Amino acid sequence: MPDPVRLPYSQLDQLPDRDPEETAEWRESLDAVTKAAGPHRAAYLMRRALEHTARTEGTALPSLLETDYVNTIPTSAEPDFPGDEALEARITAWNRWNAAAMVTRGARYGLGGHIATFASAAWLYETGFQHFFRGKEGADSGDQLYLQGHASPGIYARAFLDGRLTEEQLDHFRQEAGGAGLPSYPHPRRLPWLWEFPTVSMGLGPLSAIYQARFNRYLEHRGIKDTSRSRVWAFLGDGEMDEPESTAALALAGREGLDNLTFVINCNLQRLDGPVRPNFKIVQELEAQFRAAGWNVVKSLWGRAWDEVFAQDTDGALVRRLREVPDAQFQTYATRDAAYLRDHFFGADAALRAIGRTLSDAKLLELFQTSRAGHEPRKVYAAYRAAVEHKGAPTVILAQTVKGYTLGAGFESRNANHQMKKLTGAEFRTMRDLLELPIPDSALADGLVPYRRPAEDSPEMRYLRERRAALDGPAPARKVVAKPLPIPADKSFDALKKGSGSQEIATTMAFVRLVKDLMRDKETGRRWVPVVPDEARTFGMESLFPSAGLYSPLGQTYDPVDRDQLLYYKEAKDGQILNEGITEAGSLADFTAAATSYATHGEPMIPFYIFYSMFGWQRTADQFWALADQLGRGFVIGATAGRTTMTGEGLQHADGHSHLIASTNPAALSYDPAFAYEVAVIVKEGLRRMYGPDAEDVFYYLTVYNETKVQPAMPAGVEEGILKGLYRYQEGARPQADSPRAQLLASGTAVHWILEAQRLLAADWGVAADVWSAPSWTELRRDALECDAARLDGEDRIPYVTRALSGAPGPVVAVSDWMRAVPDQIAPWVEQDWVSIGTDGFGLSDTRDAARRHFGVDPQSVVVQTLAALARRGEVKPETVKEARERYGL
């Protein structure tokens, strides 16, 4: 059998070799070098040859996925540093001090905060603020900054230095209940003038940054906004890259050549509890991962102190040693004495011992404790400059730092430093001396460390203001300048309000038809952004393909297989539809970029994200929370909704709980419309609330169904009830004057079940039942909660649901295709006897009728539940319930 290690064939064997003799000579030459100078010399020559051929026109060779554990940019190739390094060092020192002071002062109240992350990344941020990050006071949108959540104290410290925050505000870090505090992390909803993007739910920042960069291109290609000067910067931790979302869209960014995107990964080799890759090397792993995805990788690992050491490494022993030592050992090196370093690192072989003998103890400590490229502004500047000048691919900068840098021996490289929330007085004095700050001991005497900033006319403050002015104002910053959008004319909504006549259509198709009409609107049509995770045909949206087109930065470089059909698959550079493939996370990231474009770019867009309802909130609820934090606006459409409408699909496809999850998100206005006209009313109101003169920071969640039904015309006077969440759709006919009465409430497709139940109750049992449509259980509950709170303040407010049902005779039976907890939201405010019926449990595969009978929500089951409620009230005989069960075979 073949050797499992050395296979007896090569991929090249299938290609003709026009000169085998020449091939043999190359092999012999390589063997000779290996024998004479060793395998490392041979590998060096091969890499040199590979680099050369990569630069030669017409030579196509795959690049290496992993390079040596050294800087990508040699010191000799670094560009001139354009700033005043001394002034920038003093500015950075003040920011370090104030960040640590803010967190330590908060510790008095048990609040704390994170210190070590910013301490390691300070120069990564400050170099950007001084030379690269563009603000929003210029003619365009500026840059978009996804800042690492745990570094927020440093960002607040800089905002304090540039005059945007006061000492009082810093002293209210993590104290928001009074209304004047600073949120713990980047939360736009809490501090909307400063933060643009919520990033501390780790993994969402990198995913969102990629789709933001992609959406910037989308706006430009569609002629809506020139975003050519905007760059997206995402600051991430190496530990954060473990999150699946962090790397989920790397291939998209590489495939589409998003050279307007830069990732800066702070490689301090630590996650929250310990080393990121204790027995491996996270930098090398990330390099291979990003290179494989088509990214430009810039490794910025070692400071200038290493230059003379590398110069002595004539046979590659040092480079080999750096590459073989695992990350946890490097963390240990940063905390040990010179003797340990000399013995453990440089004692590995004779060549290394020779290098080690040339280094003083002080030099050894400098190499391993402080000399990291991420702590040197010239190294950071060189990496950033390389990123912004690179064309054709996104760039990731892998910058090595020491976590807790400048905070003293008690913090630096310690496993527990993420949980360390304060410095002692002695540690502050050590930090002051290290940073050379003019703070006297007397200012530290009472144990409450002061905030400090240079005088307004000092060289530091003048320099800071000049640099930010040159970069179009302060950053980060969020600025809303978008104007309201006109609401489309009524005629766009009239078709759904008139009903479908004798034609049966699903509410999913009703929504798609409405949006198709709205996309033709002369003033707002081009602002609609359909976002679909590869299910457009499921939702009947293929009619949009040829008219709106599917966005692709390359356009359509092939002849589509269905080109001769009317509804062919049309890709276009100015395409309007974002069809993201099978990725709900990516689609929601797209939606978020579009939903916040009114602030990011001053261009309000109207996104609708339509998805298979089971795979929306359940899969991406964390992103929906971030969407709310980012103040996103738009329509989220859970199509093929409900637990029993998906015939034959089964447990993992049957959604009976998304409305319960959505109800936990305060920014989500959730509706479960039963009829096409309800869809029209809700969408029109959504456009007014989100894009009108008094725009609100909310988004709409609508569930629509794939079950075709005749759509009735809209009854008169029901608009208020639709929007508030409840209205009487059809009053029950009384078989007799003294007939028992009941109230049947339902949402979505369940309204059709209770309409049939209404008929059966009257025909078979002489019971008159009124049918109510409840488009939003959640909005009814929120209104009731607000009324309860107002009544505590002395206001006489009665919940809408209580008023709507006031005086309605008989019990209330609430029915839905959702678990009972969804309608049960309103039970406390219903004065009548309450019964709810729902689809609790897992879904199952079967016909709709069989599934509904299984869950006990079909019309016959509703009848029996209603009779049981009436029997408990003494309004029908108890034996009637048993008789009904037998008649219907329940």
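Worth saying up front: this structure is predicted, and the values here are computed from it rather than measured. In what follows, residues are counted from 1 in the order of the sequence shown.
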So which atom in I837 and which in G856 form the shortest heavy-atom distance, rounded to 0.1 Å? CG2-O, 3.0 Å
Flag, side chain of S500 to backbone of Q711, donor-acceptor distance under 3.5 Å: yes
Please tabulate, one pair per line, all N/O donor-acceptor pairs under 3.5 Å involving side-chain atoms of residues 532-540, not counting sequence neighbours.
from : atom 1 : to   : atom 2 : distance (Å)
E535 : OE1    : T538 : OG1    : 2.4

Looking at every heavy atom in both A804 and W772, which two are closest together, and how far apart are they? O-CH2, 3.2 Å
Using a distance-only test with no angle check, is there a side-chain donor-acceptor pair under 3.5 angstrom linking S492 and D517? no
H659-T703 side chain donor-acceptor pair, cut-off 3.5 Å: yes
Which residues satisfy the salt bridge (charged side-chain N to carboxylate O under 4.0 Å, His left out) test with R848, sequence neighbours excluded? none
Heavy-atom count check: over 12 atoms from other residues, nucleotides or ligands less than 6.0 Å from I582 CD1? no
Between the main-chain N or O of L627 and the side-chain N or O of Q630, is there a donor-acceptor pair closer than 3.5 Å? no
State which residues pass side-chain hydrogen bond (donor to acceptor under 3.5 Å, both in side chains) with W195; sequence neighbours excluded, sorted by chain then number. Y156
Determine whether a donor-acceptor pair (N or O, by modelled atom type, separation under 3.5 Å) exists between the side chain of Q576 and the backbone of W528. yes
Could you walk me through whether V767 and R741 pass the side-chain contact (heavy atoms from CB on, under 4.5 Å) test, one step at a time? CA-CA 6 Å; V767 173; R741 300 287 301 280; over 6 Å; no
Would you sort out whether W818 and T839 count as a side-chain hydrogen bond (donor to acceptor under 3.5 Å, both in side chains), showing the intermediate values? CA-CA 5 Å; W818 309 96; T839 55; over 6 Å; no
Quick one: which residue pairs count as a side-chain hydrogen bond (donor to acceptor under 3.5 Å, both in side chains) with a foot in residues 790-812, not counting sequence neighbours? none
Between E707 and T749, is the side-chain hydrogen bond (donor to acceptor under 3.5 Å, both in side chains) condition met? List the steps. CA-CA 8 Å; E707 190 172 8; T749 196; 2.8 Å; yes
R689 and D694 ion-paired at < 4.0 Å: no
Are more than 12 heavy atoms, taken from residues, nucleotides or ligands other than R478, located less than 6.0 Å from that residue's CZ atom? yes
Within the distance-only criterion (no hydrogens, no angle test), does the side chain of D629 pair as donor or acceptor with the backbone N or O of R189 below 3.5 angstrom? yes
Short question: side chain of S816, backbone of S747 - any donor-acceptor pair under 3.5 Å? no
If a pair satisfies salt bridge (Lys or Arg N to Asp or Glu O under 4.0 Å) and one of its residues is in residues 748-760, list it, with sequence neighbours excluded. E756-R759
Is any side-chain heavy atom of F675 closer than 4.5 Å to one of Y729? yes
Work out which heavy atom in D574 is nearest to a heavy atom in R222; give both atom names and the distance. O-CG, 3.7 Å
Closest heavy-atom pair, S773 versus A674, reported as atoms and distance to 0.1 Å, is OG-CB, 4.2 Å
Using the side-chain contact (heavy atoms from CB on, under 4.5 Å) rule, take T644 and F855 through it: C-alpha gap first, then chi angles, then the decisive distance, then the call. CA-CA 9 Å; T644 68; F855 284 109; 3.8 Å; yes
Could you give all pairs that pass the salt bridge (Lys or Arg N to Asp or Glu O under 4.0 Å) test and reach residues 601-617, with sequence neighbours left out? R527-E603
If the condition is salt bridge (charged side-chain N to carboxylate O under 4.0 Å, His left out), which residues does R728 pass it with, not counting sequence neighbours? D770
Report yes if some heavy atom in the side chain of W777 is under 4.5 Å from a heavy atom in the side chain of L745; otherwise report no. yes
Backbone N or O of T596 within a donor-acceptor pair of the R633 side chain at under 3.5 Å? no
Applied to residues 491-504, the salt bridge (Lys or Arg N to Asp or Glu O under 4.0 Å) test, sequence neighbours excluded, yields none
Keeping the roles fixed (side chain from E649, backbone from S845), state whether a donor-acceptor pair exists under 3.5 Å. no
So F215 and H601, ring-ring contact (aromatic ring centres under 6.0 Å, His included) or not? Walk me through it. CA-CA 11 Å; F215 189 74; H601 294 293; 7.2 Å; no
Parallel, tilted or perpendicular: rings of Y551 and Y218 (30°, 60°): perpendicular
Only pairs under 3.5 Å count here: list side-chain donor-acceptor contacts from residues 508-516, not counting sequence neighbours, and write none if there are none.
from : atom 1 : to   : atom 2 : distance (Å)
T508 : OG1    : Y705 : N      : 3.4
T508 : OG1    : Y705 : O      : 2.8
K516 : NZ     : S543 : OG     : 3.4

With Q832 via side-chain hydrogen bond (donor to acceptor under 3.5 Å, both in side chains) - residues at least two apart: none
side-chain contact (heavy atoms from CB on, under 4.5 Å) assessment of I754 paired with V815: CA-CA 8 Å; I754 66 171; V815 188; 3.8 Å; yes
Which pair of non-hydrogen atoms, one from R643 and one from G656, has the smallest distance, and what is that distance? NH2-N, 3.3 Å
With a 6.0 Å cut-off on the ring centroids, do Y701 and F699 count as close? no
Any salt bridge (Lys or Arg N to Asp or Glu O under 4.0 Å) pairs touching residues 711-723, not counting sequence neighbours? none
Let's go through Y598 and D697 carefully: what are the C-alpha distance in whole Å and the side-chain angles of both, what is the deciding distance for side-chain hydrogen bond (donor to acceptor under 3.5 Å, both in side chains) to 0.1 Å, and is it a yes or a no? CA-CA 11 Å; Y598 72 93; D697 297 319; 3.3 Å; yes
Under 3.5 Å donor-acceptor, E523 side chain and P488 backbone: no
Residues K724, E786: salt bridge by 4.0 Å N-O rule: no
Could you check W834 against D824 for side-chain hydrogen bond (donor to acceptor under 3.5 Å, both in side chains), going step by step and ending with a plain yes or no? CA-CA 9 Å; W834 174 266; D824 280 349; 3.0 Å; yes
Can you list the steps and then say if V830 with L805 is a side-chain contact (heavy atoms from CB on, under 4.5 Å)? CA-CA 7 Å; V830 175; L805 290 170; 4.0 Å; yes
Compare all side-chain heavy atoms of T600 with those of Q212 and state whether any distance is below 4.5 angstrom. yes
Using modelled atom types only, decide if a donor and an acceptor are shared between the side chain of Y609 and the backbone of A589 within a distance under 3.5 Å. no
For P811 versus L870, what's the shortest heavy-atom pair and its separation? CD-CD2, 3.5 Å
Given 3.5 Å as the limit, does a donor-acceptor pair link the side chain of Y691 with the main chain of K483, or not? no
Output side-chain donor-acceptor pairs under 3.5 Å for residues 618-626, partner residues at least two apart or in another chain, one line each.
from : atom 1 : to   : atom 2 : distance (Å)
Q618 : OE1    : H657 : NE2    : 2.6
R619 : NH1    : E584 : OE1    : 2.9
T620 : OG1    : G616 : O      : 2.7
D622 : OD1    : S201 : OG     : 3.1
D622 : OD2    : S201 : OG     : 2.5
Q623 : NE2    : A585 : O      : 2.9

Would you say that more than 12 heavy atoms from the other residues, nucleotides or ligands in this model lie under 6.0 Å from the CZ of F842, or not? no
